Amino acid sequence: MTTGPNTIDTWNTYGAHQLARKVQLPELTRWDWGIPGAGPGVEALGDVNGLRVLDLGSGLGRHAAHLAALGADATAVDASPAQHQRAVTRYPVPIPGLRLLCADAVAHLNDADPYDLIYAVCSMPYLDPDRLLPVLANALVPGGRLLFSALHTNSAGTGPSSELVARPEILRLPGTTEDHQVMMWALTPELWEDLLVQHGLRLDTITVIDSPDPGNHVSYRLYAARRPPRASNRAGTVPTVPGR
């Protein structure tokens with residue numbers, strides 16, 4: 001992930017806590033984008049067989065491993081060494097089609113060959129859009145897709161911001177009452193769309209994912225965007241995304 005030092009520290013604390021607990025989570029049988037049992041599943045990605053796929057903020061690596069099993073060439077990248085160690089510990093033997101990488105997302109996207117598909121399960125709100133979005137379009141092949149789920153309203157009912165500012169949210173360590181503060185960009189759909197378009201992407205759909213519990217106000221949005229395919233202009237040249 002592309003995060004500030006404090007956020008990486010918090011996710012390192014989280015990852016170390018989970019490593020110490022030695023909790024053995026099963027492989028995915030249901031793909032969720034933020035709320036278990038709510039919203040679309042892996043079908044939102046379409047057919048991934050043969051595609052170069054990147055998981056941003058991959059954590060334990062289960063999602064990328066799931067796509068590798070479906071025939072994708074999947075790279076799982078996370079900036080937190082502890083979160084990366086969780087994935088390496090879980091998958092000590094190389095899995096065909098799966099690569100686990102501890103790296104800053106922007107640095108990786110600047111160096112890597114373009115991907116057919118980039119996705120993020122709940123991790124985009126922790127990423128600074130001013131750093132990440134300028135490199136995302138050129139990190140996709142023409143026509144390549146970006147899907148990410150983002151917090152819309154938290155469990156206390158606090159809704160999204162129409163300004164490009166991060167706000168503090170609470171990350172609770174599993175199995176404890178210990179809370180840690182993380183900074184998160186919880187933005188309105190209008191602002192997300194403006195940012196995506198500004199940086200060379202086209203928004204296709206927004207899917208609402210609400211908690212089925214009436215007493216829980218948490219809500220996510222699943223954004224599906226793409227890099228427009230290249231098309232010849234009247235002079236016969238091929239336009240590219242600025243900065244390519």
Side-chain angles (χ1 to χ4, degrees), residues 1-2 27-28 30-34 39-79 83-84 87 91 95-127 129 131-150 189 192-193 195-197 199-207 209 220-231 240-241 243-244:
M1 297 195 298
T2 306
E27 293 299 318
L28 290 180
R30 155 81 192 185
W31 182 297
D32 296 304
W33 291 96
V42 70
E43 70 275 4
L45 297 175
D47 184 6
V48 300
N49 184 38
L51 299 185
R52 271 178 47 82
V53 178
L54 178 66
D55 183 335
L56 286 176
S58 52
L60 190 55
R62 291 193 302 165
H63 293 86
H66 185 77
L67 297 187
L70 295 177
D73 177 6
T75 297
V77 63
D78 203 297
Q83 289 287 79
H84 173 69
Y91 302 108
I95 294 177
L98 176 64
R99 182 166 70 125
L100 305 174
L101 184 65
C102 184
D104 174 79
V106 170
H108 174 71
L109 291 172
N110 276 325
D111 293 338
D113 291 334
Y115 288 93
D116 301 297
L117 171 65
I118 298 174
Y119 71 92
V121 179
C122 302
S123 61
M124 283 283 279
Y126 301 104
L127 312 176
R131 284 201 68 220
L132 180 67
L133 291 180
V135 303
L136 264 178
N138 286 329
L140 288 165
V141 300
R145 295 176 297 135
L146 167 70
L147 282 88
F148 66 95
S149 53
W192 275 121
E193 181 171 13
L195 291 168
L196 292 168
V197 171
H199 294 294
L201 295 165
R202 184 182 69 207
L203 181 65
D204 289 336
T205 62
I206 304 173
T207 303
I209 306 175
Y220 284 82
R221 297 294 182 268
L222 173 61
Y223 297 89
R226 70 180 61 240
R227 178 182 179 179
R230 291 190 177 121
T240 60
V241 176
R244 182 63 176 178

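Quick caveat: nothing in here was measured; it's all calculated off a predicted structure.
- Looking at heavy atoms from C-beta onward, Phe148 lies in side-chain contact with Leu196 at the 4.5 angstrom threshold.
- When all heavy atoms are compared, the tightest approach of Ala65 to Glu27 is CB-OE1, 4.3 Å.
- With hydrogens and angles ignored, the 3.5 Å screen pairs a side-chain donor or acceptor of Ser149 with a backbone N or O of Cys122.
- Side-chain atoms of Val77 and Leu109, non-hydrogen and from C-beta on, never get closer than 4.5 Å to each other.
- Pairing each heavy atom of Ala68 with each of Ala74, the nearest pair is N-CB, 4.4 Å.
- Taking CG of Leu195 as the reference point, atom OH of Tyr223 lies at 10.5 Å (rounded to 0.5 Å).
- When every heavy atom of Leu140 is checked against every heavy atom of Arg227, the shortest pair comes out as O-NH1, 2.7 Å.
- Between Tyr115 and Arg99, the shortest heavy-atom distance links the atoms OH-NH2, 4.0 Å.
- Note that the CD1 atom of Ile209 and the CH2 atom of Trp33 stand 8.5 Å from one another [nearest 0.5 Å].
- Partner of Tyr119 under the side chain to side chain contact (heavy atoms under 4.5 Å, CB included) criterion, chosen from Leu56, Leu146, Val48, Leu67: Leu67.
- Trp31 and His63 have perpendicular rings, their planes meeting at more than 60° on a 0 to 90° scale where under 30° would count as parallel.
- Residues Pro125 and Ala150 come closest through the heavy atom pair CG-CA, 3.6 Å.
- Of all the heavy atoms in Gly200 and Pro228, the pair that sits closest is O-CD, 3.3 Å.
- Residue Leu28 holds its CG atom at 4.5 Å from CZ of Arg62, rounded to the nearest 0.5 Å.
- Put simply, the side chain of Arg145 gets close to the backbone of Leu45: a donor and an acceptor are under 3.5 Å apart.
- Asp204 has its side chain within reach of Arg226: a pair of non-hydrogen atoms, C-beta onward, lies under 4.5 Å apart.
- Results of the side chain to side chain contact (heavy atoms under 4.5 Å, CB included) test with Arg52 over Ile118, Val141, Asp113, Leu117 single out Asp113 as the only residue that passes.
- In this structure, Asp78 contributes its side chain and His84 its backbone to no donor-acceptor pair below 3.5 Å.
- Just one of Leu100, Asp55, Val53, Leu54 meets the side chain to side chain contact (heavy atoms under 4.5 Å, CB included) condition when paired with Thr75; it is Leu54.
- Side-chain contact between Asp104 and Arg131: present, with at least one pair of heavy atoms (C-beta onward) separated by less than 4.5 Å.
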